[in-house]
Amino acid sequence: MKTLLSQLLILSCMPGFTLAQDVKAPPVLPPQYVITEAAATAVMDAGGAARANDQIAVQRNLRLMYPKTRFGTISPTPLPGIYEVVMGRNVAFVEESGRYFIFGRMFDMEKQEDITSGAEAAQPASPAVDFASLPLQHAIKSVHGQGRRTLAVFSDPDCPYCKKLEQELAKVDDVTVYTFLMPLEQLHPDSRAKADAVWCSKDRSAAWSALMLDGTVPKKTKGCEAPHQAVLPLAEKLGVSGTPFLVASDGRTMPGAAAAARISAWLGAVKKPVAANVQGGTP
């Protein structure tokens, strides 16, 4: 294998060389083009060491930037400079600085394979939720139109996709939305304080809309906070590992943001709505 690598390295240094050439005999090369097997091995070792150092740097940066987050496996991916990071049941892809996260799956389109190797890759699809068991008294109630359809949403005040979802939900008519505040502090350090401020507002629904649609943060009420002690364990129990997360009244779930038309059609597919505890709304 090393001999073959040496030959490839030698050939690749030749001007105009392509792998499609029919090489019938080993070429006689000028000394400046010759790479010994030992040199080729050194290049491989140096590359491996560099990747290991990069991986250590990623780990260090993540721990410095997100000290409250428990990071598990950090692995290189086929994409240069991109690393897969496991955080409990969450999997993200990050670059070395740790500033940018991509949540989702990684596919090899040539092989038509999901190559996400983290813990979430083996997670089954979210099961149906018993809507009747949801403690809606711990959610913000917003009524659009007559509100005859029902929807529960787990949302983070600083989640950009949650803000996009709110823009789309504003276009959906005839639905009552129950929003469970689920601040992911490990990603958004200010989200819990914003959730508390919204929950403690006189009109929670209006405060939530103003925050998500206009960026208006309400004033925090001293000594008051959102019911995190009820919502966060609920989310964990239901397997809600990211935001936004939608639950229809018949228990079907939809992770992530979606266009208004899709959400409306999805709600319209409810076969048998479940009677629920419809408390909530403003204090």
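Count residues from 1 along the sequence.
Counting non-hydrogen atoms of other residues, nucleotides and ligands closer than 6.0 Å to CG of L213 gives a total above 12.
Judged purely by atom type and a 3.5 angstrom limit, D156 has no side-chain atom pairing as donor or acceptor with the backbone of T243. With hydrogens and angles disregarded, no donor-acceptor distance shorter than 3.5 Å links the side chain of S209 to the backbone of A206. For T77 (side chain) and L79 (main-chain N/O), a donor-acceptor pair under 3.5 Å exists by modelled atom type. With hydrogens and angles ignored, the 3.5 Å screen pairs a side-chain donor or acceptor of D203 with a backbone N or O of S205. Judged by distance alone, the side chain of S191 and the main-chain N or O of H188 form a donor-acceptor pair under 3.5 Å.
Contacts classified as disulfide (SG to SG under 2.5 Å) and involving residues 208-268 (residues at least two apart or in different chains) are given here: C200-C224.
Residues P67 and Q186 form no side-chain contact, since every pair of their non-hydrogen atoms from C-beta on lies 4.5 Å or further apart. T69 is not listed as a side-chain neighbour of R63, based on a closest heavy-atom distance of 4.5 Å or more. The shortest distance between side-chain heavy atoms of C162 and P157 does not fall below 4.5 Å. In this structure, the side chains of L246 and T253 stay at 4.5 Å or more apart for every pair of heavy atoms. V85 is listed as a side-chain neighbour of L62, based on a closest heavy-atom distance under 4.5 Å.
Hydrophobic clustering, with ILVMFWY side chains joined whenever heavy atoms are under 4.5 angstrom apart, groups F71 together with Y83. I263 and F245 fall into different hydrophobic clusters, defined by Ile, Leu, Val, Met, Phe, Trp and Tyr side-chain heavy atoms under 4.5 Å apart, directly or through other members. Note on F131: it clusters hydrophobically with M182, by side-chain heavy-atom contacts below 4.5 Å among ILVMFWY residues. A single hydrophobic cluster is seen to contain both L134 and V240, as judged by linkage of ILVMFWY side chains at heavy-atom distances under 4.5 Å, directly or through other members. Under the 4.5 Å side-chain contact rule for hydrophobic residues, M254 and L267 share a cluster.
Applying the side chain to side chain contact (heavy atoms under 4.5 Å, CB included) criterion to P78, with sequence neighbours excluded, gives M106, I115. For D196, there are no salt bridge (charged side-chain N to carboxylate O under 4.0 Å, His left out) partners at least two apart in sequence or on another chain. Annotation: salt bridge (charged side-chain N to carboxylate O under 4.0 Å, His left out) contacts of R149 (sequence neighbours excluded): none.
For the atom pair L234 CG and F180 CZ, the distance stands at 6.0 Å (nearest 0.5 Å). Here L211 contributes atom CG and D158 contributes atom CG; the two are 7.5 Å apart, rounded to the nearest 0.5 Å. Between D54 atom CG and Q59 atom CD the span is 13.0 Å, to the nearest 0.5 Å. A distance of 5.0 Å separates CZ in F154 from CG in L238, rounded to the nearest 0.5 Å. Atom CG of L136 sits about 5.5 Å away from atom OH of Y178, to the nearest 0.5 Å. Considering CG of L184 and CZ of R192, their distance stands at 12.0 Å, rounded to 0.5 Å.
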Show me the donor-acceptor pairs, under 3.5 Å and distance only, between side chains in residues 92-101 and residues at least two apart or in other chains.
unit_1, atom_1, unit_2, atom_2, d
E95, OE1, S97, N, 3.1
E95, OE1, S97, OG, 2.6
E95, OE2, S97, OG, 2.8
E95, OE2, G98, N, 3.2
E95, OE2, R99, N, 3.2
E95, OE2, Y100, N, 3.1
S97, OG, R99, N, 3.2

Output a table of donor-acceptor pairs, distance under 3.5 Å, between side-chain atoms of residues 166-177 and any protein atom two or more places apart or on a different chain; print 'none' if there are none.
unit_1, atom_1, unit_2, atom_2, d
E166, OE2, W208, NE1, 3.2
E168, OE1, A260, N, 2.8
E168, OE2, K171, NZ, 3.3
D174, OD1, G147, N, 3.2
D174, OD1, R148, N, 2.8
D174, OD1, R148, NE, 3.2
D174, OD2, R148, NE, 2.9
D174, OD2, R148, NH2, 3.0
T176, OG1, G147, O, 2.8

